[in-house]
S.K.: 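For reference, the structure I am asking about is given below.
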Amino acid sequence: MTIRVRFAPAPSGSIHVGNARTALFNWLYARHNGGVMVLRVEDTDRSRVSEESFRAVLDDLRWLGLNWDEGPEVGGPYAPYRQSERLDIYRAVVDRLLLAGLAYPCFCTPEELEERRKAAMAAGRRPGYDGRCYRLTDVERTKFEAEGRPYVIRFHVPEEGSTTFRDLVTGHVTVDHAQIDDFVLVRKDGFPLYNLAAPVDDGMMHMTHVIRGLDLQPSTPRQILLHYALGNEIPEYGHLPLILGADGQPLSKRHGEVSIGWYREHGFLPEALVNYLALLGWSPRDGSVILPLSQIVAQFQIEDVGASPARFDLEKLTWMNGEYIRSLPDDELLRRLEPFLVRVGLVSDPPSAAERSLMAAVVPLVKTRIERLDQAAALVAGIFREVPVDPAAAEKVLGEEYVPELLERSAAALEGLEAWDRDGIEAALRGVQTEMGLKPRKAFVPFYVAVLGSNVGAPIFDSMALIGREKVLDRLRQVREKFFPGPGAAGGT
RNA sequence: GCCCCGGUCGUCUAGCGGCCUAGGACACCGCCCUCUCAAGGCGGAGAUCACGGGUUCGAAACCCGUCCGGGGUACCA
């Protein structure tokens, strides 16, 4: 039998890392087993969904590289895949349940329910729905209907017995029916609720496995009961432990970086994020940490997923991102870096041929120095354009006594260079360094400040070579004038 | 309150009764390399396996209890 899994988000903007991890595990399960990945959009709550949120979900999944075999924009045998377009289906199912006496209208108002809930709590009883509308007589029911009283539709849960299911990650779970009250299937406004739409679709779409967050585990017995009522095959369930913030609290907006969009904008590589997410709750049998998607697919076993919650560690993700950046071929890294350089205006949009070759030259210089794509610009800005000297850096390294002489002599040496290339520049500056008896660090750091504007940057000989003789000498001149004014101040031996 | 699920270095985890004086990765510390910053190499520190009982010749692993954390208890998903 072909394995069929689904990712079923309620679209509410750029997806959350927890949802991304759920999507990933479903996708991995499908790919590892040669199954089918379905994307189903659970947008039945009209008040919370919008077209942009829907688009954002698709964009995020595509960016992560998690494609779907059936779903929006690709279609499939069970289309449509947006629940908002399947309302007739749910309506028909509810009619069937009503007819069979498995569901019933409930006329209790939210206020009444709230009141009874409080009373039950106070009396130390279970606060759930007491099932009173189930016991309504036909006369009462028709009377209420005739009065036009609004109602919801509830599913009638058997009073006796219990429901047990095997959870792929957590083991067997048993819940007594006494713990499950008659839950609402259809709202007053006629719209279906999660606990109706999800199992109906899972059944119709022939899902074999339902892999989702642990927060949904309590709703599983309800859904299984509904599956029985509908005569569906019961899918297998697997509930993934939740992802927590660094402080161990549930991941929320309060932790800032929760949406996939944020990671994209801050220069994270999708393959790094996917690799990191895969390791939250799962680990490969061979114990490796950096493993390409193909390896994750090859090794992924749902049985190897742990049941304890994991904290999201931005530092580790960032390290991993650096590893992925370093492993990229130069031309690929160039392609990924481009939008980040365009974004801060270091090159035009689109970049000119000259800018493009300059970027290409710069790539190997930044490769081992960045952990996120958005960090490159600061390291190489001085190569693309003149950057004002950072006052703090100037104070720190330009203040020393030997600096004016160093700058003076070096400028002269550079001016006299026959060919302006990296090795020539290095030879010239090392010459001055030896003559003056300076340590390499002392002799070269001032140039980072003077030429690149900061004491941190891409290697200075390479940078100078790329900037060009004219501009380098000009910047050195400016620095001498600004920081060491006055005739002879920078002079002699 | 009631129900469900968890609990191994700061963090992610390995461990599926003897291979554990508990292994790896991130972070941290030291040394080496070095034109800044990195990257890289080598080394170090870091865990009474939540706690208490059992089962067993033997327990991080199995069972029970306690505690702690999370989830659910919606006309959200």
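Since the structure is predicted, the reported quantities are computational estimates derived from the model, not experimental observations. Proteins get letters first, then strands, A, B, ... in listed order; numbering begins at 1 in each.
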S.K.: Are OP1 or OP2 of G24(B) and a side-chain N or O of Ser283(A) less than 4.0 angstrom apart?
M.R.: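 False: Ser283(A) side-chain N/O out of range (4.0 Å or more) of G24(B) OP1/OP2.
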
S.K.: Sticking with atom P, work out how far A50(B) lies from C9(B), rounded to a whole angstrom.
M.R.: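 Approximately 7 Å lies between the P atom of A50(B) and that of C9(B).
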
S.K.: Report yes or no: is the cationic atom of Arg132(A) (NZ for Lys, CZ for Arg) under 6.0 Å from the centre of the six-membered ring of Tyr134(A), at an angle within 45° of the ring normal?
M.R.: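 Verdict for Tyr134(A): no cation-pi partner in Arg132(A).
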
S.K.: Nearest to the Phe444(A) side chain among C35(B), A25(B), G6(B), which nucleotide is it?
M.R.: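 For the Phe444(A) side chain, the nearest candidate turns out to be C35(B).
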
S.K.: Report yes or no: is the cationic atom of Arg40(A) (NZ for Lys, CZ for Arg) closer than 6.0 Å to the six-membered ring centre of Phe7(A), at no more than 45° off its axis?
M.R.: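 Here Arg40(A) fails the 6.0 Å and 45° test against Phe7(A).
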
S.K.: Please work out whether the ring planes of Tyr263(A) and Phe268(A) are parallel, tilted or perpendicular, with thresholds of 30° and 60°.
M.R.: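 Rings of Tyr263(A) and Phe268(A): perpendicular, as their planes differ by over 60°.
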
S.K.: Taking only heavy atoms on the protein side, list every residue of residues 320-329 of chain A lying under 4.0 Å from any atom of RNA chain B, sorted numerically.
M.R.: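 Glu323(A), Arg326(A), in order of number.
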
S.K.: Under 3.5 Å, side chain of Asn321(A) to main-chain N/O of Ala272(A), donor-acceptor pair present?
M.R.: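 No, the answer is negative, given that no donor and acceptor are paired below the 3.5 Å cut-off.
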
S.K.: Grab the N/O contacts between the protein and nucleotides 63-73 of chain B below 3.5 Å, and write none if there aren't any.
M.R.:
none

S.K.: Report the base-pairing partner of G40(B) (Watson-Crick or G-U wobble, both distances below 3.5 angstrom), or none.
M.R.: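 Pairing partner: C32(B).
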
S.K.: Contact list please: residues 361-394 of chain A against RNA chain B, heavy atoms, distance less than 4.0 Å, in numerical order.
M.R.: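 Residues of residues 361-394 of chain A that come under 4.0 Å of RNA chain B are, in numerical order, Thr368(A), Arg369(A).
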
S.K.: Give a yes or no on whether the backbone of Glu160(A) and the side-chain of His177(A) come within a donor-acceptor separation of less than 3.5 Å.
M.R.: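 Side chain of His177(A) to backbone of Glu160(A): a pair is present.
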
S.K.: Looking across every strand, which nucleic acid part, if any, lies under 4.0 Å from Gly281(A) by heavy atom: base, sugar-phosphate, or nothing?
M.R.: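 The answer is sugar-phosphate, as Gly281(A) gets under 4.0 Å only of primed atoms, P, OP1 or OP2.
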
S.K.: Rounded to the Å, how far apart are Met121(A) CE and C3(B) C1'?
M.R.: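 The answer, rounded to whole Å, is 13 Å.
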
S.K.: When we call it a touch if two heavy atoms are under 4.0 Å apart, what does Phe461(A) touch: a base, just sugar-phosphate, or nothing?
M.R.: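 Base contact - Phe461(A) has a heavy atom under 4.0 Å of at least one base atom.
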
S.K.: Return no unless some side-chain N or O of Thr170(A) is found under 4.0 Å from OP1 or OP2 of C5(B).
M.R.: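 It does not, given that no N or O in the side chain of Thr170(A) lies less than 4.0 Å from OP1 or OP2 of C5(B).
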
S.K.: Mind checking the P distance from A25(B) to C2(B)? Whole angstroms is fine.
M.R.: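 Taking atom P in both A25(B) and C2(B), they lie 45 Å apart.
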
S.K.: Please report the distance separating the P of A60(B) from the corresponding atom of C76(B), rounded so that it comes out in whole Å.
M.R.: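 Taking atom P in both A60(B) and C76(B), they lie 49 Å apart.
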
S.K.: Among C75(B), C35(B), G7(B), find the nucleotide with the atom closest to the side chain of Lys188(A).
M.R.: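 Of the candidates, C75(B) comes closest.
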
S.K.: When you get a sec, tell me which of C4(B), G7(B), U36(B) is the closest nucleotide to the side chain of Arg441(A)?
M.R.: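 That would be U36(B).
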
S.K.: G10(B), OP1 or OP2 - any side-chain N/O from Arg311(A) closer than 4.0 Å?
M.R.: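 The answer is no; no side-chain N or O of Arg311(A) sits under 4.0 Å from OP1 or OP2.
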
S.K.: Without swapping roles, check the side chain of Trp420(A) against the backbone of Met464(A) for a donor-acceptor pair under 3.5 Å.
M.R.: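 Yes; judged by distance alone, with no hydrogens or angles, the pair exists.
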
S.K.: Paired with G1(B) by Watson-Crick or G-U wobble geometry, both distances under 3.5 Å: which nucleotide is it?
M.R.: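 When the pairing criteria are applied, U73(B) turns out to be the nucleotide that pairs with G1(B).
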
